[in-house]
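Just the heavy atoms: all of them, side chains too, but no hydrogens, waters or symmetry mates, feed the values below.
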Amino acid sequence: MTMENGDEFAVGCFLSIRTTLGDEFEGQVMTFDRETNYLVLQESSKHGPRRNIRLLKADYIKDFTFLGQGQDPLHSHDCSLDLNALQSREELAIRQAEADAERIGVGVTTEAQNIFDALSKTLPVRWDKTVIVVMNEVRVSSPYHSECVIGGTPAANDRVKKVLDFERKRLQLRS
């Protein structure tokens, strides 16, 4: 649905929308960009002050119903942001992204990454270049077979070999 004048999407109006993909929802128009044909809607929440914001290409709107006109949802006296909470969420997201990035081996094969991922489900692991370090003491080098396991106590070494053999068999069955 292309809107030539965009009046149907005036800021503050409440709409009930059905998309071409079958989604149905209600929201308040925060803004409409005629150039890109994007609509930004704020869905109300039944659970407290949190809101869901949808960015929707108007071409994907099958039909909509005007439910009424409200105030500008971005009016400064109605908006409250907990900047400390936002900063905490940002810091947590950055830490999580950094932790996720450390779990990705650089210069390793897909098989090596799959073995790392499988080992990480049961044992603490990290990468040291292309070597998988398990429990901070046992090292597994390429090609990541049980013969490539060195270091650590004999019990830890045996445990890593056992888990490695099991995971290699499981990965082979999957492919």
Side-chain angles (χ1 to χ4, degrees), residues 17-27 30-33 35-62 79-175:
I17 295 177
R18 186 168 44 160
T19 69
T20 57
L21 301 173
D23 290 339
E24 293 184 29
F25 60 93
E26 293 180 3
M30 295 180 75
T31 189
F32 174 66
D33 182 37
E35 189 174 318
T36 61
N37 208 29
Y38 271 101
L39 180 65
V40 179
L41 297 149
Q42 172 181 270
E43 294 179 271
S44 61
S45 172
K46 296 168 183 73
H47 308 291
R50 294 189 119 180
R51 301 284 188 252
N52 186 37
I53 304 297
R54 280 195 193 229
L55 182 67
L56 180 66
K57 185 89 168 164
D59 298 336
Y60 291 101
I61 297 175
K62 185 173 186 177
C79 291
S80 63
L81 294 176
D82 183 348
L83 294 179
N84 289 332
L86 288 174
Q87 189 172 20
S88 295
R89 286 179 63 189
E90 177 189 29
E91 290 169 0
L92 180 64
I94 289 170
R95 282 195 306 273
Q96 184 62 49
E98 289 171 344
D100 291 346
E102 288 177 8
R103 299 179 54 74
I104 299 171
V106 177
V108 299
T109 64
T110 303
E111 180 187 38
Q113 185 65 51
N114 289 339
I115 290 169
F116 178 93
D117 293 341
L119 286 170
S120 72
K121 292 176 184 175
T122 57
L123 297 167
V125 295
R126 64 179 173 81
W127 285 107
D128 180 15
K129 296 186 176 65
T130 60
V131 175
I132 300 172
V133 180
V134 185
M135 300 182 294
N136 283 330
E137 58 179 306
V138 180
R139 301 173 65 81
V140 185
S141 303
S142 181
Y144 311 102
H145 293 283
S146 57
E147 305 84 49
C148 304
V149 175
I150 58 168
T153 64
N157 196 297
D158 290 341
R159 171 89 173 123
V160 171
K161 285 180 182 179
K162 185 176 181 180
V163 173
L164 179 63
D165 287 339
F166 174 77
E167 293 301 341
R168 286 191 70 82
K169 287 176 188 169
R170 201 170 62 81
L171 289 169
Q172 285 174 347
L173 290 175
R174 229 192 289 163
S175 54

Minimum heavy-atom distance [X]-[Y], with the two atoms named:
X      : Y      : answer
Val138 : Gly152 : CG2-CA, 4.1 Å
Trp127 : Gly105 : NE1-N, 3.2 Å
Ala156 : Met135 : CB-CE, 3.6 Å
Thr20  : Ile61  : CG2-C, 4.4 Å
Val133 : Asn136 : CG1-CA, 3.8 Å
Thr130 : Gly107 : CG2-O, 3.9 Å

Looking at [atom1] of [X] and [atom2] of [Y], how far apart are the two atoms once the value is rounded to the nearest 0.5 Å?
X      : Y      : atom1 : atom2 : answer
Leu164 : Ser146 : CG    : OG    : 6.5 Å
Thr122 : Arg159 : OG1   : CZ    : 6.0 Å
Ile115 : Ser120 : CD1   : OG    : 12.0 Å
Leu92  : Arg89  : CG    : CZ    : 9.5 Å
Lys62  : Arg18  : NZ    : CZ    : 5.0 Å
Asn52  : Phe25  : CG    : CZ    : 9.0 Å

Asp117: partners by side chain to side chain donor-acceptor pair (under 3.5 Å), with sequence neighbours left out: Gln113

Pairing residues for Glu90 by the side chain to side chain donor-acceptor pair (under 3.5 Å) criterion, not counting sequence neighbours: none

Salt bridge (charged side-chain N to carboxylate O under 4.0 Å, His left out) partners of residues 125-144, not counting sequence neighbours, each pair once: Asp128-Arg139

Lys57 NZ: over 12 foreign heavy atoms closer than 6.0 Å: yes

Stepwise side-chain contact (heavy atoms from CB on, under 4.5 Å) check, Val140 with Val160: CA-CA 9 Å; Val140 185; Val160 171; 3.9 Å; yes

Derivation of the side-chain contact (heavy atoms from CB on, under 4.5 Å) call for Ile132 and Val134: CA-CA 6 Å; Ile132 300 172; Val134 185; 4.0 Å; yes

Val125 side chain reached by Phe116 side chain, heavy atoms, under 4.5 Å: yes

Short N-O contact, Glu167 and Arg170, less than 4.0 angstrom: yes

By side chain to side chain contact (heavy atoms under 4.5 Å, CB included) - contacts of [X] (at least two apart):
X      : answer
Ser142 : Tyr144
Glu147 : His145
Ser88  : none

Worked check of side-chain contact (heavy atoms from CB on, under 4.5 Å) between Leu41 and Ile53: CA-CA 6 Å; Leu41 297 149; Ile53 304 297; over 6 Å; no

Option passing side-chain contact (heavy atoms from CB on, under 4.5 Å) with Arg54 (candidates Ile17, Asp23, Leu39): Asp23

